[in-house]
Amino acid sequence: MVNPLWKNTEIRNQLKIITKEVAPDLVLTNATYLHGIFKKWVTGNIWIADDRIVYAGKEMPKIDASTEVADMTDKFIVPGYIEPHVHPSQLYNPRSFADYAAQGGTTMFLSDNLTLFLALENEKAFSLLDQLAELPFSFYWWTRFDSQTELNDEDKLFTSTSVGEWLDRQDVLLGGELTGWPKLMAGDDQMLYWIQKAKMGLKKIEGHFPGASEKTLARMRLLGADGDHEAMTVDEVEMRLLHGYGVTLRHSSIRPDLPDLLKGIVERELNVFDKLMMTTDGSTPTFHLDGVMDLCIKIALEAGVPPIDAYMMASYNVARYYNVTSLHGLIATGRYANLNILDTVDNPVPSGVISKGVWLKKDGEKVQSLPDIDWSILPDLDIDYELTEDDFQFSMPFGIEMVNDVITKPYSVSVDTHDGKLSKSHDESFLMLIDKNGKWRVNTLIKGFAPELDGFASSYTNTGDIILIGKNREDMWIAFNELKRLKGGIILTDNGKIVESLPLPYGGVMSDLPMEQLIGQEKALKKALKERGYKHGDAVYTLLFLQATHLPYVRVTQKGIYDVMNKKILFPAFMR
């Protein structure tokens, strides 16, 4: 990987800047900036050389013709915001999401590796990480210990070698999130070994404990969990803090909990803001119209959180928790030059953004995009098989009923499925999960997705396999063929015609478009689904989590229809 430290020659040159033999590249004068250690606003001048703050204090450096001097009078400067729990492949890709987030002041991600882990051998995945590390943005990662579904070859993918190579990287700061924690509590020593290895590398372990009891939290703390982002009530926040967890408060497209959590914390006068962080937890593109970490800070300010605490929850608190304050979260000598320039303290949307010493936004305008990286190493979704009449056999005694966006339960099928076309007078539709390589399929019915939907196909799933949904077999077939032609995407058809198309050319799961254009496509897709009866909050998350075995009660997986609570396959997949 790219070493995050500076070469000897660079450090020697930085020393010459301090002794005023050499001039820095950029000086911010008359700066009022937030100091995370003193927890107060201080004034001074900030000297920047390349991507590093070489000095922050009262002195002025040598100035020559190559030095840019920017007067910060009447401005307020805070550290670049840090998103500590990013799922960077929610239709967008890591670079496009970072480029968008940076304009709101988020200059560092801690990102999920699952998409890259499942799609690529480690050596190839690491080459993408190294490209991303070269950008004027700070990318860090976490490594998964389980797939959060039932894979046919999970034991071959998640090995001590493959997981260990991720844990050995300096830019991997944590293990988790532990969606497979029940296996750990039941005696999975391999997962415990990975946790121990992470601990020896001074890395954190992030849990995934929605609704967990105090007994479960205590047991998982003993097994090595350090933090959790699943608190849904103030009582759950308190319980996690009581047992010494790092608590990340969530505001996402399926769990917009942050306003109520912060309101409760303020009302109870808990005075624990220096122990808290915030996240948007992999929200889908349209949710981010209102921002990323800047949105979280805005919500915190509106809830009555003191401004300094609100900004530190999105910067210094995260860096301190993940042991990277030597580089991040603090405006002080030696740190990366990740700075947000605010017009007022009560508006966290910066008018200027400096990331690794590079102006990305200036005077309220975007002045630079993050450079592109080479995604060609990610394999195309080349579907080399045809659907047949046999694939559309749906004679199952029970189907999957949607309780909300992501919770599904079994129900008894009462409709005739032999015709190939279901009536729109009820809310049951055909559902097929089919192997992207064409080896197997799982057929059932889904109740409550979109009762007016003729045909739908998506390669955006937890595993990159293909989901087909609809009332009309012919329309489902058309959607599949269009997805095949595009080499990935989400397709909606109606009466034999393609109505909406959201291409996902990067591995069949990520768009190549800028966020602004992708948001437009997602809005159109969701509007079309709503018009056809989708009544839940986020259809994109429904697609992602139909396979997710960390949620109750029944799931469709590579192995077949899976009973989560009893941990068994109810009906196996059909081999094609």
Side-chain angles (χ1 to χ4, degrees), residues 381 383-402 408 410-461 464-502 508 525 528-534 539 542-543 546-547 554-558 560-561 571-576:
L381 180 62
I383 300 173
D384 61 357
Y385 60 89
E386 303 289 340
L387 294 181
T388 68
E389 296 283 344
D390 288 341
D391 289 320
F392 288 90
Q393 305 299 317
F394 291 89
S395 56
M396 293 290 290
F398 72 88
I400 295 174
E401 181 177 359
M402 294 180 60
T408 52
Y411 80 98
S412 296
V413 172
S414 59
V415 299
D416 185 356
T417 61
H418 294 92
D419 186 23
K421 189 173 183 179
L422 297 177
S423 170
K424 293 183 180 179
S425 64
H426 58 76
D427 62 352
E428 295 174 65
S429 302
F430 297 122
L431 168 64
M432 184 193 306
L433 176 70
I434 188 165
D435 178 23
K436 59 187 173 184
N437 298 312
K439 296 180 180 179
W440 52 261
R441 60 176 170 83
V442 181
N443 292 44
T444 186
L445 266 66
I446 186 167
K447 183 179 177 67
F449 183 77
E452 300 284 328
L453 181 66
D454 282 345
F456 188 84
S458 175
S459 60
Y460 177 78
T461 62
D465 296 310
I466 312 302
I467 285 175
L468 304 180
I469 300 174
K471 293 282 191 177
N472 190 319
R473 181 182 67 176
E474 298 302 324
D475 273 281
M476 295 166 67
W477 213 322
I478 291 168
F480 173 84
N481 286 334
E482 177 64 6
L483 183 150
K484 178 178 175 179
R485 185 186 72 81
L486 291 175
K487 297 187 176 182
I490 304 176
I491 313 298
L492 189 151
T493 58
D494 194 351
N495 198 26
K497 296 181 180 179
I498 296 166
V499 176
E500 294 295 340
S501 173
L502 196 160
L525 176 69
L529 283 170
K530 185 177 181 181
E531 290 170 350
R532 288 157 179 81
Y534 185 88
T542 297
L543 298 173
L546 276 174
Q547 297 170 278
V554 63
R555 299 284 143 178
V556 54
T557 75
Q558 291 185 355
I561 299 176
F571 288 93
F574 293 97
M575 299 308 294
R576 297 180 74 245

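The shown structure was predicted, so the numbers you read here are calculated from the model rather than taken from an experiment. Side-chain atoms are counted along with the backbone in the values below, which use heavy atoms only and exclude waters and symmetry mates.
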Margin query: If I compare all heavy atoms of D465 with all of I434, which pair ends up nearest, and what's the gap?
Written below: CB-O, 3.5 Å
Margin query: Looking only at the aromatic ring of each residue, does the gap between the centers of Y411 and F398 stay below 6.0 angstrom?
Written below: no
Margin query: Is the shortest side-chain heavy-atom distance between I383 and I466 below 4.5 Å?
Written below: yes
Note to self: side-chain contact (heavy atoms from CB on, under 4.5 Å) for L433 and R441? Distances and angles first, verdict last.
What the structure shows: CA-CA 6 Å; L433 176 70; R441 60 176 170 83; over 6 Å; no
Item checked: K530: partners by salt bridge (Lys or Arg N to Asp or Glu O under 4.0 Å), with sequence neighbours left out -> none
Item checked: Side chains of I469 and F430 in contact at under 4.5 Å (non-hydrogen atoms) -> no
Margin query: I'd like to check the ring pair (Phe, Tyr, Trp, His ring centres under 6.0 Å) partners of F480; sequence neighbours left out, ordered by chain and number.
Written below: Y385
Next item on the list: Could you walk me through whether H418 and F394 pass side-chain contact (heavy atoms from CB on, under 4.5 Å), step by step?
Entry: CA-CA 7 Å; H418 294 92; F394 291 89; over 6 Å; no
Next item on the list: Using the side-chain contact (heavy atoms from CB on, under 4.5 Å) rule, take L546 and T461 through it: C-alpha gap first, then chi angles, then the decisive distance, then the call.
Entry: CA-CA 8 Å; L546 276 174; T461 62; over 6 Å; no
Note to self: Tell me whether K471 is salt-bridged to E428, with the criterion being a basic N under 4.0 Å from an acidic carboxylate O.
What the structure shows: no
Notebook entry, point to check: What closest approach, in Å, do I491 and L483 show between heavy atoms, and which atom pair accounts for it?
Noted result: CG1-N, 3.9 Å
Next item on the list: Before accepting this row, confirm whether a basic side-chain N of the pair D494/R532 lies closer than 4.0 Å to the acidic partner's carboxylate O.
Entry: yes
Note to self: Could you tell me if the side chain of Y534 sits less than 4.5 Å from the side chain of T542, heavy atoms only?
What the structure shows: yes
Margin query: Less than 4.5 Å apart, side chain to side chain, heavy atoms only: is that true for K497 and D475?
Written below: no
Margin query: Are more than 12 heavy atoms, taken from residues, nucleotides or ligands other than D416, located less than 6.0 Å from that residue's CG atom?
Written below: yes
